[in-house]
S.K.: 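Please find one structure pasted underneath; my questions will follow.
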Amino acid sequence: MNDYLKQILTDTLKTFDLDESVWPEIQVEKPRDPSHGDAATNLAMMLAKPLRNNPRKIAEELVDKLNYDPRKISAVDIAGPGFINFRFSENYLFDALSDILKEGENFGRSDEDAGKRILVEFVSANPTGPLTVGHGRNAVLGDTIARLFEWTGASVEREYYFNNAGRQMRVLGQSVQARYLQELGRDAEFPEGGYEGEYIRDIAHKLVEEHGDSLAEEADESVFKEKAESEIFRDIRQTLERMGIKMDSFFNEHELYENGAIDDVIRTLRDKELAYDHDGAIWFKTTQFGKDKDTVLVKSTGEPTYRLPDIAYHGNKLDRNYDLCIDVFGADHIDTYPDVLNGIKALGYDESKVDVLVYQFVSIVKDGKPYKMSTRKANFVTLDELMDEVGSDVTRFFFLMRSPSTHLEFDIAQAKEAGEKNPVFYLQYAHARIQSILRKVDEVAELTGSADLTQLTHESEIRLIKAMLEFPDMIQSAAQSKEPHRVINFLNSLASDFTTFYHDCRILGEDEKLMHARATLANAVAQVLANGLGILGISAPDRM
RNA sequence: GCGCCCGUAGCUCAAUUGGAUAGAGCAACUGCCUUCUAAGCAGUAGGUUACAGGUUCGAGUCCUGUCGGGCGUACCA
């Protein structure tokens, strides 16, 4: 419809004495206030300057010359400072409603990004412990953005990047080793800054069961580290699966050392005089990109900092020919990704193909008080514990309901509350309620063929149809802006429109023609709710 | 000190990317179950969008400054 409006406005614009080069971009949007119509354009206001005329006068001329199809548009009028408002004809709305049902579970999909290959990298937690509520926002945002782009037609892959080498992991191995020896009743000193969580004891216990005391004389921690890694990764995968997240690949940083990518990065940066030696370390000239200081790429110990493999990793991703690589990062990485972008640009890649979603941190409220988490100190709430309490639907919903750019306050008590305080149920309830009605309709009547939709005349019926029509555009803008919470806002509003309809209009007990039309409408609403919940990875139950 | 993000109703947050009278949920108050699920609906109250300027037909949204909060500012990841 928007395309149609833009088209007829463009046609009208051609009749004006105005060079095409100064034409404003034609914008059509839905007015906030429904009394202003179904669509509006600010074109007359945009033309005020080039035409040197009063916007309302221009609007009058535009409307006068506008040639529109009355089967689609029932009224056009001018309001406010010069807005032109359009009202959709009912005929158009009814056609659109039957299209929704025809498209069914595909309603809302588009080919906006058809043919594009997109890689979403997310979670990417090193295997030092179970996934916590802190990781949850990353995991659910990444997965949902991937789903959104699947709906806009892209071919999407999900990747988990990790590093199983380095100091963190050594300390992890030492922690397990210490617990193993303690389990055998021997003296063992727990490492400084070791991982104190209960899961470390569980891993140690498993080692005792599998190997008895045969590992007691191991000189270093590597056996323990490997066991810890495989156990923790198994847990992580299970947790993700429980949340409906399936990774297509796990990328080990180690690969970048083996295939020489790391060395290549250093060599190229040196060639371009963007890297140099100083104090035994190798530095990246980030001052050239406007930073205060240069940045260390390789420490004097010979160990690279994480930036270097990050640059190599992004180069690797772009080598795999993705059209777009999306990274999902917490706010603590906000300062590091410009280095990565500058790095890959210096290597000759197109950095515009890397897109970073930075989300703000989750703060936990537990027992009404803020709760500070640390994996190492084992003050954390794991995602599994959370899902034990509230299930995956509520978990996903809470992480998605806020804009990524604002802090998310996760109130464990509120999430646990299965009742009215919990907003996810509102959506599921609307869906279940419709299914229940449709079951009853089936019992009382044998409805065949297509309904006579002209029976739908009530204000709340018309509003529902209009609301559903916005679904496809909403998905596109949610994907493009990487803001899944827009889907939730939309569904909340749709569910609310439905319950208004539910209270205004009965389905059962009306004559068969009207019942058929309303059942059709309700069916479409259920379909759109189910599609939207599907994008969010949340179930749409048939009964509650 | 410097960089990035944020500041909207008592609380948690929206606001169609610069549009018309800033909206929801929770909490408070008033009504509504003899009809399809009351996990619901209708209504009342609650605001100088932190503050001060600026840009323009038009600003919660953009620019500058001030105040307040978060994160970063490592040869940690």
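Since we're looking at a predicted model, the values are computed, not measured. Chain letters run A, B, ... following the sequence lines, proteins first, then strands; residues in each count from 1.
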S.K.: How would you label the contact of A:Pro31 with the nucleic acid (heavy atoms, under 4.0 Å): base, sugar-phosphate, or nothing?
M.R.: base
S.K.: Distance under 6.0 Å and angle within 45° of the ring axis: does A:Arg433 meet both against A:Tyr502?
M.R.: yes
S.K.: Mind calculating the distance between CD (A:Gln480) and C1' (B:U16) to the nearest angstrom?
M.R.: 12 Å
S.K.: Let's test your reading of the model: under 3.5 Å, does the base of B:U37 pair with the side chain of A:Arg439 as donor and acceptor?
M.R.: no
S.K.: Establish, with yes or no, whether the OP1 or OP2 oxygen of B:A77 is under 4.0 angstrom from a side-chain nitrogen or oxygen of A:Lys299.
M.R.: yes
S.K.: Does A:Tyr306 have a side-chain nitrogen or oxygen under 4.0 Å from the phosphate oxygens OP1 or OP2 of B:A77?
M.R.: no
S.K.: What does A:Asn42 touch in the nucleic acid at a heavy-atom separation under 4.0 angstrom: a base, only the sugar-phosphate, or nothing?
M.R.: base
S.K.: Ignoring hydrogens and angles, tell me if any N or O in the side chain of A:Thr287 forms a donor-acceptor pair with the backbone of A:Asp294 under 3.5 Å.
M.R.: no
S.K.: Base, sugar-phosphate or nothing for A:Thr406? Non-hydrogen atoms, less than 4.0 Å.
M.R.: sugar-phosphate
S.K.: OP1 or OP2 of B:C41 less than 4.0 angstrom from a side-chain nitrogen or oxygen of A:Tyr426, does that happen here?
M.R.: yes
S.K.: Does A:Lys466 NZ have over 12 foreign heavy atoms under 6.0 Å away?
M.R.: yes
S.K.: B:A9 and B:A22: how far apart are their P atoms, nearest whole angstrom?
M.R.: 15 Å
S.K.: Inspect the surroundings of CZ in A:Arg167 and state if more than 12 heavy atoms from other residues, nucleotides or ligands are less than 6.0 Å away.
M.R.: no
S.K.: Between B:A45 and B:G25, how many Å separate the two P atoms, rounded to a whole number?
M.R.: 16 Å
S.K.: Can you tell me the base-pairing partner of B:U73? Count Watson-Crick or G-U wobble geometry only, both distances below 3.5 Å, and say none if there is no partner.
M.R.: B:G1
S.K.: Checking the side chain of A:Thr382 only, and the main-chain atoms of A:Pro130 only, is there a donor and an acceptor separated by less than 3.5 Å?
M.R.: no
S.K.: Answer with base, sugar-phosphate or nothing: what part of the nucleic acid does A:Lys30 contact at a heavy-atom distance below 4.0 Å?
M.R.: base
S.K.: Please tell me whether A:Tyr429 and A:Tyr426 form a close aromatic pair, meaning their ring centres lie under 6.0 Å apart.
M.R.: no
S.K.: For A:Ala40, which contact category applies under a 4.0 Å heavy-atom criterion: base, sugar-phosphate, or nothing?
M.R.: base
S.K.: Is A:Asp279 touching bases, backbone alone, or none of the nucleic acid, heavy atoms closer than 4.0 Å?
M.R.: base
S.K.: Going by the glycosidic torsion and a 90 degree boundary from 0, is the base of B:C33 oriented syn or anti?
M.R.: syn
S.K.: Taking atom P in both B:C4 and B:U49, what distance in whole Å separates the two?
M.R.: 26 Å
S.K.: Syn or anti for B:U17, with syn set at within 90° of 0?
M.R.: syn
S.K.: Take atom P in B:U30 and the same atom in B:C11, then report the distance between them in whole Å.
M.R.: 23 Å
S.K.: Establish whether the base of B:U17 is bridged to the side chain of A:Ser481 by a donor-acceptor pair shorter than 3.5 Å.
M.R.: yes
S.K.: A:Arg32 has an atom CZ; how far is it from atom C1' of B:U17, in whole Å?
M.R.: 12 Å
S.K.: How is A:Ser436 classified with respect to the nucleic acid when contacts are heavy atoms under 4.0 Å: base, sugar-phosphate, or nothing?
M.R.: base
S.K.: My understanding is that a pair needs two contacts under 3.5 Å, Watson-Crick or G-U wobble. By that rule, which nucleotide pairs with B:G25?
M.R.: B:C11
S.K.: Roughly how far apart, to the nearest Å, are B:A52 and B:A14 at atom P?
M.R.: 24 Å
S.K.: Distance check, C1' atoms only: B:G60 and B:U48, in whole angstrom units.
M.R.: 13 Å
S.K.: For the P atoms, the ones on B:G7 and on B:U12, what distance do you get once it is rounded to whole angstrom?
M.R.: 13 Å
S.K.: Using the P atom on both, measure B:U34 against B:A28 and round to a whole Å.
M.R.: 25 Å
S.K.: Does the A:Asp355 side chain pair with the main chain of A:Ile326, one donor and one acceptor, at a distance under 3.5 Å?
M.R.: no
S.K.: How is A:Asp310 classified with respect to the nucleic acid when contacts are heavy atoms under 4.0 Å: base, sugar-phosphate, or nothing?
M.R.: nothing
S.K.: Regarding A:Ala331, tell me which of base, sugar-phosphate or nothing describes its non-hydrogen contacts under 4.0 Å with the strands shown.
M.R.: sugar-phosphate
S.K.: Across all strands shown, which nucleotide pairs with B:U64 by Watson-Crick or G-U wobble geometry, both distances under 3.5 Å?
M.R.: B:A52
S.K.: Respond yes when some side-chain nitrogen or oxygen of A:Thr500 is under 4.0 Å from OP1 or OP2 of B:A42, and no when none is.
M.R.: yes
S.K.: Take the protein atom CG of A:Asp497 and the nucleotide atom P of B:A24, then report the distance between them rounded to whole Å.
M.R.: 11 Å
S.K.: Which whole-number value in Å describes the distance from A:His407 NE2 to B:G72 P?
M.R.: 10 Å
S.K.: Which is true for A:Tyr502 with a 4.0 Å heavy-atom rule: it touches a base, it touches only sugar-phosphate, or it touches nothing?
M.R.: base
S.K.: State whether A:His485 places a side-chain N or O below 4.0 Å from either non-bridging phosphate oxygen (OP1 or OP2) of B:A15.
M.R.: yes
S.K.: To the nearest angstrom, how far is A:Lys440 atom NZ from B:U35 atom C1'?
M.R.: 11 Å
S.K.: Just to confirm, is there a sub-4.0 Å distance from OP1 or OP2 of B:A38 to any side-chain nitrogen or oxygen of A:Arg433?
M.R.: yes
S.K.: Give one of base, sugar-phosphate or nothing for A:Ser403, where a contact means two heavy atoms less than 4.0 Å apart.
M.R.: sugar-phosphate
S.K.: A:Phe329 and A:Tyr359: aromatic ring centres closer than 6.0 Å?
M.R.: no
S.K.: Whole angstrom is fine here: how far is it from CD1 in A:Ile437 over to P in B:G40?
M.R.: 15 Å
S.K.: Counting the atoms with a prime plus P, OP1 and OP2 as sugar-phosphate, which does A:Ser493 contact under 4.0 Å by heavy atoms, base, sugar-phosphate, or nothing?
M.R.: nothing
S.K.: I'd like to know if A:Thr301 reaches the base of B:C75 with its side chain such that a donor and an acceptor end up less than 3.5 angstrom apart.
M.R.: no
